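Beneath this line is the structure, given in structure tokens, with notes to follow.
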Protein chains: 2
Amino acid sequence: MTLMTASADKPTTFVDDYLLYQLASASQVLSDEFHRKVKASGTKIHVWRVLACVVDQPGLMLTSLSKLVLYEQSRLTKIIDQMVDDGLVNKQPVAGDRRKMAIFVTAKGQDLVAPLMVSAKAHESKVLENLTDSEMTMLKRVLNKLCNLQT
Amino acid sequence: MTLMTASADKPTTFVDDYLLYQLASASQVLSDEFHRKVKASGTKIHVWRVLACVVDQPGLMLTSLSKLVLYEQSRLTKIIDQMVDDGLVNKQPVAGDRRKMAIFVTAKGQDLVAPLMVSAKAHESKVLENLTDSEMTMLKRVLNKLCNLQT
DNA sequence: CCTGAAAATATGCGATTTCATATTAGTTTT
DNA sequence: AAAACTAATATGAAATCGCATATTTTCAGG
């Protein structure tokens, strides 16, 4: 039999042994925890997310960035426009294709995101303290594997 | 040194080795995949989510259910009210505390959710085919551990 | 090059979500 | 047993999101 993942004594309910629920739950619980700090610092969650991604991969065009950030394109367009207004990022036309816009972080955006990235890594470390080294390594490896299955 | 999770050759970018991003990404990518099927069947995502949870743990009051479903309370109130109108669940006053409402699935709700749960498990199986048994076991165990850390 | 298809981004609007707070009910303290 | 506190749910207004679609530009075939 294949479905005996959880503790064998109590008959497992649906959601507790359903991978997509477990992923959503772990993601939400842990993210909410950190998001409280982000909000406390006066930054909106989506601004944090976008900045972290733009810093990570500067110069992406909107569509690619929307895949990285995991936000739908039209939503990201609106967020970016707002962030441009706020001086956090800028849109540069791409030479050779006048449709494309490359997104870069500004100095102001850098200043905003830098401490948050430090804080994010600190929070992550705290979370990971609860796992063994091998658990952590395997978790990250498996998560990456899962992400790259997308059909 | 502690932060060497990803392949040691390419200098890892921030998000790719950041647990909260990996969790969010895996969750979104895999959920979106299944959500396409849910939408195709004409059911809203949040209706699917709530039904699966109510079937799983019938009779929870709104607040407890909102924690299980991972939806904010006032949002769940509105969703449940709509679902009551649609005959998918019902709210029963709880004896002994007139504030509380216990949520149960109706026969119509059952009929709607049953095939989706089968489909969900089938989708999960397909996803899990890409992992070894020990990877799967450990993944689910670690995810549960992470969820229960919440401060 | 002209036409039709595809890609990248933008936009309008309806629907959903969130936030703060109201309301009602139970609990505790004195 | 009144006052103050806490808990459970509801509600209204503002913000956000998502869908469908428009617009502009590039690409591919004949």
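Source: prediction; values computed, not measured. Labels below follow one simple rule: chain letters A, B, ... track the order of the sequence lines, proteins then strands, and each chain is numbered from 1.
Between the side chain of B:Gln22 and the main chain of A:Asn144, no donor-acceptor pair closer than 3.5 Å is present. Between the side chain of A:Glu124 and the backbone N or O of B:Leu19, at least one donor-acceptor pair lies under 3.5 Å. The main-chain N or O of A:Lys108 is never found under 3.5 Å from a side-chain atom of A:Asp111 such that the two would form a donor-acceptor pair. Judged by distance alone, with hydrogens and angles left aside, the side-chain atoms of B:Gln57 form no donor-acceptor pair with the main-chain N or O of B:Leu65 at under 3.5 Å. One N or O on the side chain of A:Asp56 and one on the backbone of B:Phe14 form a donor-acceptor pair closer than 3.5 Å.
A donor-acceptor pair shorter than 3.5 Å cannot be found between the side chains of A:Ser125 and A:Glu129. Neither side chain, A:Thr137 nor A:Glu135, offers a donor N or O lying under 3.5 Å from an acceptor on the other.
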Throw together a table of side-chain donor-acceptor distances under 3.5 angstrom for residues 98-105 of chain B, partners on residues two or more places apart or in other chains.
| residue | atom | partner | partner atom | Å |
| --- | --- | --- | --- | --- |
| B:Arg99 | NE | B:Asp97 | OD1 | 3.1 |
| B:Arg99 | NH2 | B:Asp97 | OD2 | 2.9 |

List, one per line, each side-chain donor-acceptor pair under 3.5 Å for residues 37-44 of chain B, sequence neighbours excluded.
| residue | atom | partner | partner atom | Å |
| --- | --- | --- | --- | --- |
| B:Ser41 | OG | B:Val38 | O | 2.8 |
| B:Ser41 | OG | B:Thr43 | OG1 | 3.4 |

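Contacts between residues 71-86 of chain A and DNA chain D, counted as heavy-atom distances below 4.0 Å, involve A:Glu72, A:Ser74, A:Arg75, A:Lys78. Taking a 4.0 Å limit (strictly below) on heavy-atom distances, residues 49-62 of chain A reaches DNA chain C at A:Met61, A:Leu62. Near DNA chain D, meaning a heavy atom under 4.0 Å from it, residues 87-101 of chain B has B:Lys91, B:Arg99, B:Lys100, B:Met101 in order of number.
End-to-end axis angle of the helix from C:dC1-D:dG30 to C:dT30-D:dA1, using five pairs per end and rounding to 10°, comes to 30°.
Under the rule for a side chain to side chain contact (heavy atoms under 4.5 Å, CB included), the partners of B:Ser134 that lie at least two apart in sequence or sit in another chain are B:Thr132. For the side chain to side chain donor-acceptor pair (under 3.5 Å) test, no residue two or more places apart in sequence or in another chain qualifies with A:Ser66. Remark: B:Ser31 engages A:Leu20, B:Ser27, B:His35 in a side chain to side chain contact (heavy atoms under 4.5 Å, CB included) (not counting sequence neighbours). Applying the side chain to side chain contact (heavy atoms under 4.5 Å, CB included) test to B:Lys78 and every residue at least two apart in sequence or in another chain returns nothing.
In 5' to 3' order, the nucleotides of DNA chain C bounding all contacts with chain B (an atom under 4.0 Å from a heavy atom) are C:dT16 to C:dG26. Where DNA chain D meets chain B (any atom under 4.0 Å from a heavy atom), the bounding nucleotides read 5' to 3' are D:dA7 to D:dC19.
Nearest heavy-atom pair across A:Val50 and A:Met83 is CG1-SD, 3.7 Å.
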After noting the C-alpha distance and the side-chain angles of B:Val127 and B:Phe34, does the key distance pass the side chain to side chain contact (heavy atoms under 4.5 Å, CB included) rule? CA-CA 10 Å; B:Val127 169; B:Phe34 177 61; over 6 Å; no
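Side chains of B:Gln110 and B:Val113 form a contact here, defined as non-hydrogen atoms less than 4.5 Å apart.
In this structure, B:Glu72 does not pair ionically with B:Arg75, as no charged nitrogen and carboxylate oxygen lie closer than 4.0 Å.
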